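Here the structure comes first, spelled out in structure tokens, and everything after it is commentary.
Note that ligands are numbered from 1 as they come in the structure, with each ligand's atoms numbered from 1 the same way. As the structure is a prediction and not an experimental result, all values here were calculated from the model.
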Amino acid sequence: MRVLKKYENNPVMSPDKMPKEVLYTFNPGAIKVGDEYIMMMDVTALDDIHRLWIARSKDGYNFVPDAEPVKMPPVDPFHPEVYTYDPRITKMGDEYIICYASDMGNNYVRLGIMKTKDFVTFERIATGSDLGNRNGALFPEKYNGLYFRLDRPFGNEQDPCAIWMSFSPDLVFWGQARQLQYKGKPFIDGHKMGAGAVPIKTDKGWLEIYHTVSTTCNGFIYRLKACLLDLDEPWNIIGYTDFILWPEHEYEMKGRVSNVVFTCNAIPEPDGSLKIYYGAADTNIGLATGNIDELVELCLENRNEK
Ligand code: BMA
């Protein structure tokens with residue numbers, strides 16, 4: 001069953017729409033600030049460096065990229081990042097916290113955490129994980145007085161690459177890590193998986209849209225599913241869906257990495273709809289829309305079947 005509708009004029013962003021010559025535009029964090037939609041994209045230029053770059057829109061469909069990439073705060077001397085990608089934006093009070101993959105090169109990836117009030121200047125909060133972690137998605141409220149997030153440690157080859165949750169008093173020190181559970185067991189879905197969108201609170205649970213990776217003899221396929229996390233014990237998954245978004249059009253199937261749809265943020269609208277901005281083939285950005293209640297219901301329907 002198709003629960004998401006892809007925008008007919010997809011992609012909403014592609015390298016040819018950028019003000020400078022770039023190779024790829026993908027995997028945006030996205031949020032609405034007042035009446036403006038903001039996408040913070042991974043833009044990879046001819047030097048092969050992944051930089052964060054903002055595009056802005058009044059209607060959620062037509063985006064105008066800034067003239068230059070984000071001016072990042074001074075680097076952490078203990079983790080001099082080179083590539084920055086997969087940003088996920090969370091509003092906390094009057095600040096926007098961005099968790100992103102902070103990569104020194106050679107896959108030395110940790111979670112970078114920075115904040116902004118205006119999407120013009122950015123302040124580093126911390127390098128907020130040990131080596132070998134990405135897909136950090138900070139919840140938009142605290143749990144028992146602690147910040148909490150989904151993350152995806154992948155310290156060594158044996159790790160199952162699943163979604164974990166960790167907690168912090170200050171966004172700097174993180175701990176009490178635990179893997180998400182389903183029916184009392186650690187939850188693993190696919191060859192690897194990771195948080196997608198920043199979770200959205202509903203009265204039936206936290207709605208999380210995540211990616212799961214299948215292996216084929218031609219390589220990986222990245223597709224999206226949704227799950228519902230318990231409000232009282234958010235590390236417990238109440239139910240989860242089959243695929244809700246998958247590569248099927250040329251702009252999703254051909255590119256830097258073929259057969260990938262990948263999301264970092266979904267924007268809830270006042271009418272109960274949802275705008276999911278997603279990277280397509282690590283090259284373009286698509287928009288899919290859905291309904292929050294329908295996704296929640298789909299998670300609940302599936303809870304006893306698997
Ligand atoms: C993941 C991340 C994403 C990327 C995906 C597919 O590990 O690095 O940025 O879209 O791989 O290449």
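- Among protein heavy atoms, atom 9 (O) of ligand 1 sits closest to Asp86 OD1, 2.8 Å.
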After noting the C-alpha distance and the side-chain angles of Trp206 and Tyr143, does the key distance pass the ring pair (Phe, Tyr, Trp, His ring centres under 6.0 Å) rule? CA-CA 12 Å; Trp206 289 99; Tyr143 178 79; 9.6 Å; no

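- Nearest protein heavy-atom neighbour of atom 1 (C) of ligand 1: Tyr222 OH, 3.6 Å.
- Side-chain contact between Lys32 and Glu269 is present, with heavy atoms from C-beta onward closer than 4.5 Å.
- Within the structure, the salt bridge (charged side-chain N to carboxylate O under 4.0 Å, His left out) test picks out the following pairs touching residues 109-119 (sequence neighbours left out): Asp94-Lys117, Glu95-Lys115.
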Where do Tyr210 and Asp189 land on the side-chain hydrogen bond (donor to acceptor under 3.5 Å, both in side chains) test, with the steps shown first? CA-CA 10 Å; Tyr210 65 96; Asp189 186 358; 2.7 Å; yes

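- The option with the heavy atom closest to atom 4 (C) of ligand 1, from among Asn135, Val213, Asp282, Asp42, is Asp282.
- Not a single heavy atom of Arg256 lies less than 4.0 angstrom from ligand 1.
- Counting heavy atoms closer than 4.0 Å to ligand 1, residue Phe220 contributes nothing at all.
- Close approach of ligand 1 to Val257 is summarised as follows: ligand atoms under 4.0 Å from at least one heavy atom of the residue are 12 (O).
- Ion pair Glu248/Arg2 flagged as a salt bridge, since at least one NZ, NE, NH1 or NH2 atom sits closer than 4.0 Å to an Asp/Glu carboxylate oxygen.
- Atoms of ligand 1 lying under 4.0 Å from at least one heavy atom of Tyr85, given by number and element, are 8 (O), 9 (O).
- Under the 30°/60° scheme for interplanar angles, the aromatic rings of Tyr251 and Tyr278 are found to be tilted.
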